[in-house]
Amino acid sequence: MSNFKRTLITSALPYANGPVHIGHLAGVYVPADIYARYLRLKGEDVLFIGGSDEHGVPITLKAKKEGTTPQAVVDKYHGMIKDSFEKFGISFDVYSRTSAKIHHETASEIFKTLYDKGEFVEQTSEQFYDEEASQFLADRYITGTCPKCGFDKAYGDQCESCGTSLNATDLINPKSMLSGNVPVMRETKHWYLPLDRYESWLREWILEGHKEWKPNVYGQCKSWIDGGLNPRAVTRDLDWGIPVPVKGAEGKVLYVWFDAPIGYISATKELTSDWKKYWKDPESRLIHFIGKDNIVFHCIIFPVILKAEGSYILPDNVPANEFLNLEGDKISTSRNWAVWLHEYLEDFPGKEDVLKYTLTANAPETKDNDFTWKDFQTRNNSELVAILGNFVNRVLVLTNKYYEGTVPEAGSLEPQDVDALSAIGQLRIEIEKALDTFHFREALRLAMEMARLGNKYLADMEPWIVFKTNPERVKSIMHVCLQLTANLTIAFEPFLPFTMNRLRTFLNMEKLQWNELGRRDLLKSGHKVNTPELLFEKIEDEAIQRQVDKLLETKKANESAGPSTAPAKANIEYDDFAKMDIRTGTIVAAEKVAKTKKLLKLTINTGIDQRTVVSGIAEQYDPEQIIGQKVSILVNLAPKNLKGIESQGMILMAENHEGKLVFVVPADDIADGSEIR
RNA sequence: GGCGAGGUAGCUCAGUUGGUUAGAGCGCAUGAUUCAUAAUCAUGAGGUCGCGGGAUCAUGCCCCGCCCUCGCUACCA
């Protein structure tokens, strides 16, 4: 680590199809910002890179849905994201975007270099093609009937109704979203990055060379490498993105995951003409801050791209965080289950640091964590207000009261005074160790320890009592307290930058470097401090209740209306219905299908015969429990082989939007084989 | 089913290469205190370290099996 001359910090590029929420902040931007501020405070050469990821299919779809252009969509969200980061105090040296010209050039160039070096494999395959729009269709551009639940607006990659992930070719009656026509299969050529060629190199580089990476990151990489790597397509048939800079690739763009990480490079170029120093000098250290969903791209794919290119450095560490949940549920942009940064900034003006503090103290560093408004309130009221704010206030109030705001002489220090002051130096060492190893939660706790120390010192020294009998002694005590307070401005600077700025104003002092932390003479005797205001204010129950209510409303909205109830399907003729032969039946035997999670092999008495049906209900029903269960069964469905078992029919199940499955049965006792119509 | 990460006090988490009575913060209880935003300080209660085996003089930490949560993946007529 000491061999490096400079550090390049990147933070995952937020996808410009929505605003930023607390999950993004806790996982990526807050830790990255703390790290960047810390290194800057140490006087190191550091760049902190960010930007919006603006390509990819979801953005084109969003544009279509809103009746606008992809560029308009990304302009809107890029502006919003950039603005809220700035207000929140994420201290990017540059915040760029992947639709920028310089990025298109950079990504093209890198692709071209790999192409010329013969690093790609060309492969032709069949894909859906819309003849009217004369273009190939990404999975997301195809809708059709979900083969599982019958929902008729399922996408080519996933059914939004039942959550099943699909292949476009699975869809019944596939339709192009562009023209509404039935797509045809047509051959298309794509370029693949042969990850398999780099398997042994990756093994060496990560598994041997980076054992210090976090367990979640290392484990995930090991899993991928051990599982065997396959070539990955890095081009797509799409008209939104960076054109593939090769002859015969008209109408094709770079896969969004090929171009997005290159955005780190383009952003650096945009910032400084000196960018090569950061990207190509082995004495530069590259750190990627990301969430766990991005591990494979930053640890496997992007490094392979850089390695194949040949002239770039590779990440030295990738401190990926787990996920943050919100009030017990997964954060979800589409379900609006989130605390949006831009809304927080409006609802809690001037409390940027409170959110930073809470998210850091409760960061999902080792496992998924839960954000609750109650916890947010507690952390503010009983930590920021009660420990840190209170100590600062006590010191400044006493200083103004006794000395009209002038720092008193140190006088002769007692052992306790010296202990208190030297504890700062000790804490500094521990904080550095925590920050250097990306343990931000621990680092923050240690900084807080410094304020606790102050409160304890005050309680032990009782200057308000000693003042009556020995005012000379109180000067020493208050001198120590003021030095402690001044040190806080350094220790907390990476975590609470806005607040420390205010505290420095109270103390009437300049911003100091990290290496001053631990000094006992940050404020000279005779120095004048200002009358303090409160550093933090209590957050009352009502403010918290408002936020909780807001979430409850979201929950209600999701439950009642919303996309949960699938819309009615298109009308059919009676004949279509009459073709179906649905009977009552009884389950006479049931067993789990080996090596599957959802499948049960059922033996059904249909009245006509006994037959085998494979059904995906194992997660909700135990085999023993459902023997004797009455069912409705579609008996004339064409048989299908599943996991080597022939399924001769289909059990009817009612399913709600949460995926809960319930048997559809006759309301009264009736013989097996009775027709349902 | 396969792979990965977790399962430690009511809550959120630390626990270094196995070594004396398992730690911290919050919350709770009791006491002290009043300079301070009813803030602070002290003390205390609270844990068969997911469950069951095993190796060891010794294990939260090692080995085997199982259970639960999260993620990736397969499957979902």
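Here is the naming used below: chain letters follow the sequence lines, and residue numbers restart at 1 for every chain.
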Looking at the side chain of A:Arg452, which of B:A36, B:G27, B:G25 is the nearest nucleotide?
B:G25
What contact category does A:Lys456 fall into here, base, sugar-phosphate, or nothing, at under 4.0 angstrom with non-hydrogen atoms?
sugar-phosphate
Indicate, with a heavy-atom threshold strictly under 4.0 Å, whether A:Val614 touches base, sugar-phosphate, or nothing.
sugar-phosphate
Give me the ring orientation class for A:Phe467 and A:Tyr402: parallel if the planes are under 30° apart, tilted from 30 to 60°, perpendicular past 60°.
parallel
Between P on B:A77 and CD1 on A:Ile651, what's the gap in Å once rounded to a whole number?
11 Å
Find out whether A:Val385 and A:Glu537 are in side-chain contact, i.e. whether some heavy atom of one side chain is under 4.5 Å from a heavy atom of the other.
no
Distance in angstrom units between A:Leu446 CG and B:A14 P, rounded:
14 Å
Roughly how many Å is it from CG in A:Leu458 to C1' in B:A39, rounded to a whole number?
12 Å
Taking atom P in both B:C72 and B:A29, compute the distance separating them and give it to the nearest angstrom.
42 Å
Of the nucleotides B:A77, B:A36, B:U34, which one has an atom closest to the side chain of A:Met650?
B:A77
Decide yes or no for A:Leu388 and A:Leu496: does some side-chain heavy atom of the first lie under 4.5 Å from some side-chain heavy atom of the second?
yes
Within the supplied structure, the quantity of interest is the number of heavy atoms (other residues, nucleotides, ligands) at a distance under 6.0 Å from A:Lys475 NZ; does it exceed 12?
no
Whole angstroms only, please: what is the CZ-P distance between A:Arg445 and B:A14?
11 Å
Rounded P spacing from B:G65 to B:G2 in Å
11 Å
Indicate yes or no for a side-chain donor-acceptor contact from A:Tyr218 to the backbone of A:Leu207 under 3.5 Å, with no hydrogens or angles considered.
yes
Could you check which of B:A77, B:U40, B:G27 has an atom nearest any side-chain atom of A:Asn390?
B:U40
Anything under 3.5 Å between a protein N or O and an N or O of nucleotides 9-12 of chain B, put it in a table, one pair a line.
{"residue": "B:U12", "atom": "O3'", "partner": "A:Asn369", "partner atom": "OD1", "Å": "2.6"}
{"residue": "B:U12", "atom": "O2'", "partner": "A:Asn362", "partner atom": "OD1", "Å": "3.2"}

So if I take every side-chain heavy atom of A:Lys330 and compare against B:U37, B:C70, B:A77, which nucleotide ends up nearest?
B:C70
So with a 6.0 Å cut-off around CD of A:Glu404, is the heavy-atom count from everything else above 12?
no
Would A:Tyr357 and A:Phe536 count as a close aromatic pair, with their ring centres under 6.0 Å?
no
What does A:Lys401 touch in the nucleic acid at a heavy-atom separation under 4.0 angstrom: a base, only the sugar-phosphate, or nothing?
sugar-phosphate
Gap between atoms CD and C1', on A:Gln220 and B:G71 respectively (whole Å)
7 Å
What distance, rounded to whole Å, do you find between the two C1' atoms, one in B:C62 and one in B:C3?
22 Å
Hey, does A:Val397 reach any base, or is it just sugar-phosphate, or nothing, if we go heavy atoms under 4.0 Å?
sugar-phosphate
In whole angstroms, how far is the P atom of B:C72 from the CH2 atom of A:Trp224?
11 Å
Using heavy-atom distances to pick each residue's nearest nucleotide on RNA chain B, tell me which of A:Val613 and A:Lys538 is more 5'.
A:Lys538
If you check the A:Ala459 side chain, which of B:A77, B:U34, B:U40 turns out closest?
B:U40
Dot-bracket encoding per residue of RNA chain B, Watson-Crick/G-U cut-off under 3.5 Å, | denoting interstrand:
(((((((..((((.....[...)))).(((((.......))))).....(((((..]....))))))))))))....
Is the phosphate of B:A39, meaning OP1 or OP2, less than 4.0 Å from a side-chain N or O of A:Ser382?
no
In whole Å, what separates the C1' atom of B:U73 from that of B:A14?
33 Å
Could you work out the separation of B:G25 and B:U21 based on their C1' atoms and round it to a whole Å?
22 Å
Separation of B:A39 atom P from A:Glu383 atom CD, nearest Å, is 14 Å
Using the ring of A:Phe495 (Phe, Tyr or Trp, six-membered ring only), decide whether A:Lys356 places NZ or CZ under 6.0 Å from its centre and within 45 degrees of its axis.
no
Which label fits A:Trp213 and A:Trp205: parallel for a plane angle under 30°, tilted from 30 to 60°, or perpendicular past 60°?
perpendicular
Take atom P in B:A55 and the same atom in B:C64, then report the distance between them in whole Å.
15 Å
Establish, from distance only, whether the side-chain atoms of A:Gln416 and A:Asp460 form a donor-acceptor pair under 3.5 Å.
no
With ring centroids as reference points, do A:Trp373 and A:Phe348 lie under 6.0 angstrom apart?
yes
Residue mapping more 5' on RNA chain B - nearest nucleotide basis, A:Val385 or A:Leu637:
A:Val385
Considering only the P atoms, how many Å lie between B:U37 and B:A22, rounded to the nearest integer?
42 Å
Under 4.0 Å, heavy atoms only, any strand: does A:Leu535 hit a base, just the sugar-phosphate, or nothing?
base
I need the CD-P distance between A:Glu322 and B:A5, as an integer number of Å.
10 Å
The side chain of A:Trp464 lies closest to which of these nucleotides: B:G25, B:U34, B:G71?
B:U34
Suppose you measure atom C1' in B:C49 against the same atom in B:G18; what distance do you get, rounded to whole Å?
14 Å
Please determine, for the side chain of A:Leu398, which listed nucleotide (B:A24, B:C35, B:U34) has the closest atom?
B:C35
Ignoring hydrogens and geometry beyond distance, is a side-chain donor-acceptor pair present between A:Arg428 and A:Asn487 at under 3.5 Å?
no
Select base, sugar-phosphate, or nothing to describe what A:Gln648 touches, counting heavy atoms under 4.0 Å on all strands.
nothing
NA contact type, A:Phe536, heavy-atom cut-off 4.0 Å: base, sugar-phosphate, or nothing?
base
